[in-house]
Amino acid sequence: MKIEIRRAELSDLDAIWRLNRDELGYDYSLEETREKLSLLLGRESDRIFVAVLDGVVAGYVHVCDYDVIYAPHMKNIMGIAVASTHRRGGIGRALLAAAEAWGKETGAAGIRLVSGMTRTGAHAFYRACGYTGDKQQLNLKKMWK
């Protein structure tokens, strides 16, 4: 099967929403996802790429600018998901390659991602794709809505 990687469109909403819900476990409404996707698709600082197999979106990656005072400009993978029925077929690698290519095209020094401690299978995949690191962090947040 040939994997097509392209920039996401608003028409990919349902597929991206399902991937978030089914593969990543995020219970975020379809309407909120539509609003957020529409916003992100219009930003130059963000790119969302989808992987299409036989006309069906089977995965996506969301990448954005990452700038801090203590490191060079990088890209940050905000989310990556591949349908469980299509894993181990090169989709994840192709999505990472698209994210990395955008980073190189825009002068980024590298790319980073954060992955939950329990996602050990994903960690092995990222390491196999050349990602390194052993820093452990606690992810805290304070919600007011």
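For reference, positions follow the sequence shown, starting with 1.
- In this structure, Tyr60 and Asn20 have side chains that are in contact, with non-hydrogen atoms separated by less than 4.5 Å.
- Evaluation of the salt bridge (Lys or Arg N to Asp or Glu O under 4.0 Å) test over residues 95-110, restricted to residues two or more places apart or in two chains, returns none.
- Every residue two or more places apart in sequence or in another chain was checked for a side-chain hydrogen bond (donor to acceptor under 3.5 Å, both in side chains) with Thr132, and none qualifies.
- Residues passing the salt bridge (Lys or Arg N to Asp or Glu O under 4.0 Å) test with Glu23 are Arg87, sequence neighbours excluded.
- Think of Tyr28 as one node in a network of Ile, Leu, Val, Met, Phe, Trp and Tyr side chains linked at under 4.5 Å; it has no links at all.
- Applying the salt bridge (Lys or Arg N to Asp or Glu O under 4.0 Å) rule to Arg21 yields no partners; only residues at least two apart in sequence or on another chain are considered.
- Taking the side-chain hydrogen bond (donor to acceptor under 3.5 Å, both in side chains) definition, one finds that Glu9 meets it with Ser11, sequence neighbours left out.
- In the hydrophobic clustering of this structure, Phe49 does not group with Leu24; members are Ile, Leu, Val, Met, Phe, Trp, Tyr whose side-chain heavy atoms approach within less than 4.5 Å, directly or through other members.
- Applying the salt bridge (Lys or Arg N to Asp or Glu O under 4.0 Å) criterion to Glu44, with sequence neighbours excluded, gives Arg47.
- Note that the CG atom of Leu113 and the CG atom of Leu96 stand 7.5 Å from one another [nearest 0.5 Å].
- Tracing side-chain contacts under 4.5 Å through hydrophobic residues (I, L, V, M, F, W, Y), one never reaches Leu19 starting from Val63; they form parts of separate clusters.
- Around CE of Met74, the count of heavy atoms belonging to other residues, nucleotides or ligands within 6.0 Å exceeds 12.
- Between Ala99 and Ile111, the closest heavy-atom pair is CB-CD1, 3.8 Å.
- With sequence neighbours excluded, the residues that form a salt bridge (Lys or Arg N to Asp or Glu O under 4.0 Å) with Glu31 are Arg34.
- Hydrophobic clustering, with ILVMFWY side chains joined whenever heavy atoms are under 4.5 angstrom apart, groups Ile80 together with Ile5.
- Counting only residues at least two apart or in different chains, salt bridge (Lys or Arg N to Asp or Glu O under 4.0 Å) contacts with residues 56-75 comprise Asp65-Lys75.
- Under the 4.5 Å side-chain heavy-atom criterion for ILVMFWY residues, a single connected hydrophobic cluster contains both Leu13 and Val57.
- For Ala8, the side-chain contact (heavy atoms from CB on, under 4.5 Å) partners are Asp12, Ile16, Leu41, Ile48, Val50, not counting sequence neighbours.
- Evaluation of the side-chain hydrogen bond (donor to acceptor under 3.5 Å, both in side chains) rule for Ser38 yields no partner, not counting sequence neighbours.
- Between Ile3 and Leu53 the shortest side-chain heavy-atom distance falls below 4.5 Å.
- A pairwise comparison of heavy atoms in Ile91 and Ala58 identifies CD1-CB, 3.8 Å as the closest pair.
- Every residue was checked against the side-chain hydrogen bond (donor to acceptor under 3.5 Å, both in side chains) condition with Thr85, not counting sequence neighbours, and none meets it.
- Val68 and Ile77 fall into different hydrophobic clusters, defined by Ile, Leu, Val, Met, Phe, Trp and Tyr side-chain heavy atoms under 4.5 Å apart, directly or through other members.
- In this structure, CD on Glu35 lies 7.5 Å from OG on Ser29, to the nearest 0.5 angstrom.
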